[in-house]
Number of protein chains: 2
Amino acid sequence: MSESVFADRLTRLIALSPDEHALLTGVEERERRVRRNGVLFSENDRVAELFVLRRGMMMSYVLLDDGSRQIQRFLFPGDLIATTSLVYAKAPDTVMAVHDSSLGAIDRQALADVVLRCPRIGLGLLALEQVERVAMSDRLAAVGRTSAKARVAALLLELRNRLRATAPAGIDSFAPGITQEEMGDATGLTAVHVNRMIRQLEEERLIGREGGRFTIRDEASLVRIANYIDRYAGLDMGWLTVRG
Amino acid sequence: MSESVFADRLTRLIALSPDEHALLTGVEERERRVRRNGVLFSENDRVAELFVLRRGMMMSYVLLDDGSRQIQRFLFPGDLIATTSLVYAKAPDTVMAVHDSSLGAIDRQALADVVLRCPRIGLGLLALEQVERVAMSDRLAAVGRTSAKARVAALLLELRNRLRATAPAGIDSFAPGITQEEMGDATGLTAVHVNRMIRQLEEERLIGREGGRFTIRDEASLVRIANYIDRYAGLDMGWLTVRG
DNA sequence: CGAGCCGTTGAAAGATGTCAAACGGCGTGG
DNA sequence: CCACGCCGTTTGACATCTTTCAACGGCTCG
């Protein structure tokens with residue numbers, strides 16, 4: 001793995017030339033570390049840079065004025081954070097570390113310069129954005145139209161798939177390390193009800209648990225009740241041929 | 001207004017040079033018309049182009065396998081449709097006309113070529129994408145964490161704001177022309193309950209109605225109970241200076 | 001004139017939230 | 001090393017919100 005998680009991720013979508021790769025690696029500058037429960041930035045903060053998550057796990061959320069929280073997404077290594085700073089002066093969400101994390105900070109002007117010099121990187125960013133958007137659509141459909149059990153099942157599947165990317169191979173269990181309260185805030189449920197759904201999934205032998213560690217026991221059934229689709233698989237940018 | 005709604009919209013975010021504007025206008029080719037309730041494309045269709053909505057109103061939705069529907073967004077003139085075709089071979093959603101509509105179809109390869117030649121357009125697309133994403137986050141928070149009444153109020157405010165952009169000035173009422181069933185599918189509620197919430201808002205004199213036409217009577221209260229933020233206002237791309 | 005879609009309303013059922021309490025683990029300070 | 005306190009999980013009883021089911025009326029379109 002090179003120094004730039006970001007360049008690596010982009011390369012997986014669009015083959016970058018060595019020059020492009022170098023340019024992109026060069027722009028990812030300041031390292032930033034955030035400890036568990038530490039806040040990278042808060043809603044309405046003025047943020048003029050983007051971040052790439054290198055190690056750890058974070059989450060993006062908004063607080064409503066009755067105090068409730070909606071977690072919009074969990075963030076994993078390679079994910080881009082605060083891309084909205086390209087357009088909004090103030091952050092629309094808060095980003096907090098779920099586990100100790102380290103990030104690379106990219107000045108938005110510097111990134112814009114790279115894109116201007118190397119437009120294929122702009123296409124790559126656009127591509128990453130699409131994946132995020134579709135994933136968010138799925139979450140909207142889950143929260144709007146599926147049962148509590150289905151939402152919890154979908155969250156577990158998503159967490160497993162994203163964590164598996166960085167986990168040591170051969171282990172089929174995963175430990176997201178988040179509280180049931182956080183699972184609730186991600187799925188639009190209360191912590192109490194999340195707990196009931198988890199235990200129900202456990203009793204039906206769809207999942208297993210020990211400590212904070214989960215095992216998918218019956219993936220087919222789980223996928224079925226969750227309406228789950230893995231959007232990080234099945235990408236296709238092969239059509240993109242570079243013309244003179 | 002020039003021939004290209006799309007170029008116009010982009011220009012509002014990033015000042016395009018005459019050349020860039022011309023290039024962008026040139027690429028928007030085939031006209032496509034869809035009548036009310038007509039389908040532009042369905043989930044899993046192979047879509048290799050993007051569309052710009054020129055006139056009318058459309059919606060994007062997904063169907064779950066229990067038959068329920070989640071409307072992800074309503075689409076208005078200037079909105080970009082099927083940008084996911086940049087990354088996914090198959091459409092993740094269905095797009096249907098709410099009213100008679102006309103669109104411009106843009107081949108994805110043609111658009112990519114434009115971006116490669118004129119990277120600032122790539123940045124503009126990225127910017128548009130951010131706005132959509134933030135709007136979708138708001139919907140997720142609304143559906144996940146707010147009451148039925150709040151969701152209906154938020155939907156009405158959003159519809160008014162988006163419709164106002166094309167409506168004749170001076171009229172403060174609006175006629176979205178959608179059924180209560182559709183409002184329910186957009187907010188994660190049943191048509192029956194949407195009806196109850198609308199009548200409640202009406203009784204509390206927050207909105208007025210006659211026929212299918214709504215009036216916002218007490219915008220401040222409505223915004224408050226809806227947690228509403230207009231994301232199409234307050235954009236800032238002034239930081240983007242073009243360097244050599 | 002009839003059929004069907006949409007809006008409206010009531011009654012009842014079901015899902016999820018709220019409140020309260022107990023339990024366990026884990027880190028901290030004594 | 002132990003005791004304490006805090007945080008997260010678990011469970012039960014109950015409240016509330018939203019859905020479901022059913023029926024009716026108005027309106028439009030054939």
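In the text below, chain A, chain B and the rest are named by the order of the sequence lines, each starting its count at 1. The basis for the numbers below is simple: all heavy atoms, side chains too, and nothing from hydrogens, waters or symmetry mates.
- In the set dT16(C), dT9(C), dT19(D), the nucleotide with an atom closest to the side chain of L189(A) is dT16(C).
- Across all strands shown, G212(B) has no heavy atoms under 4.0 Å from either base or sugar-phosphate atoms.
- Among dT18(D), dC19(C), dT8(C), the nucleotide with an atom closest to any side-chain atom of V192(A) is dC19(C).
- T84(A) and Q130(B) share no donor-acceptor pair across their side chains, judged by distance under 3.5 Å alone.
- Residue R209(A) places at least one side-chain N or O closer than 4.0 Å to OP1 or OP2 of dT10(D).
- Each of dT16(C), dT18(D), dT8(C) was ranked by its minimum atom distance to the side chain of S147(A); first place goes to dT16(C).
- At the phosphate of dT18(D), neither OP1 nor OP2 sits under 4.0 Å from any side-chain N or O atom of R145(A).
- Between Q180(B) and dT8(C) there is a side-chain N or O to OP1 or OP2 distance below 4.0 Å.
- The CZ-C1' distance, from R151(A) to dT16(C), rounds to 9 Å in whole Å.
- Here the side chain of T179(B) is nearest to one of dT10(D), dG7(C), dT8(C), namely dG7(C).
- Regarding H193(A), its NE2 atom lies at a distance of 15 Å from the C1' atom of dA15(D), rounded to whole Å.
- Rounded to the nearest 0.5 angstrom, I229(A) CD1 and L157(A) CG are separated by 12.0 Å.
- For the pair E202(A) CD and dT11(D) C1', the interatomic distance rounds to 14 Å; values are reported in whole Å.
- Protein atom CZ of R199(A) is 12 Å distant from nucleotide atom C1' of dC23(C), rounded to whole Å.
- Taking atom CZ of residue R36(B) and atom C1' of nucleotide dC29(D), one finds them 14 Å apart after rounding to whole Å.
- Dashed line: the shortest gap from a side-chain N or O of R196(A) to OP1 or OP2 of dT11(D) is not under 4.0 Å.
- The CG atom of L206(A) lies 5.5 Å from the CD1 atom of I225(A); values are rounded to the nearest 0.5 Å.
- Going from atom CG of L201(B) over to atom P of dT8(C) covers 13 Å, rounded to whole Å.
- Put simply, CZ on F214(B) is 11 Å from C1' on dG7(C), counting in whole angstrom units.
- Side-chain atoms of N195(B) lie closest to dT8(C) of the nucleotides dT16(C), dT18(D), dT8(C).
- With rounding to the nearest 0.5 angstrom, the CG atom of L40(A) is 6.0 Å from the CD1 atom of I81(A).
- We find that CD of E203(B) is positioned 12 Å from P of dT8(C), with the value rounded to whole Å.
- With a 6.0 Å cutoff to the six-membered ring centre and a 45° limit on the axis angle, R69(B) counts as a cation-pi contact of Y61(B).
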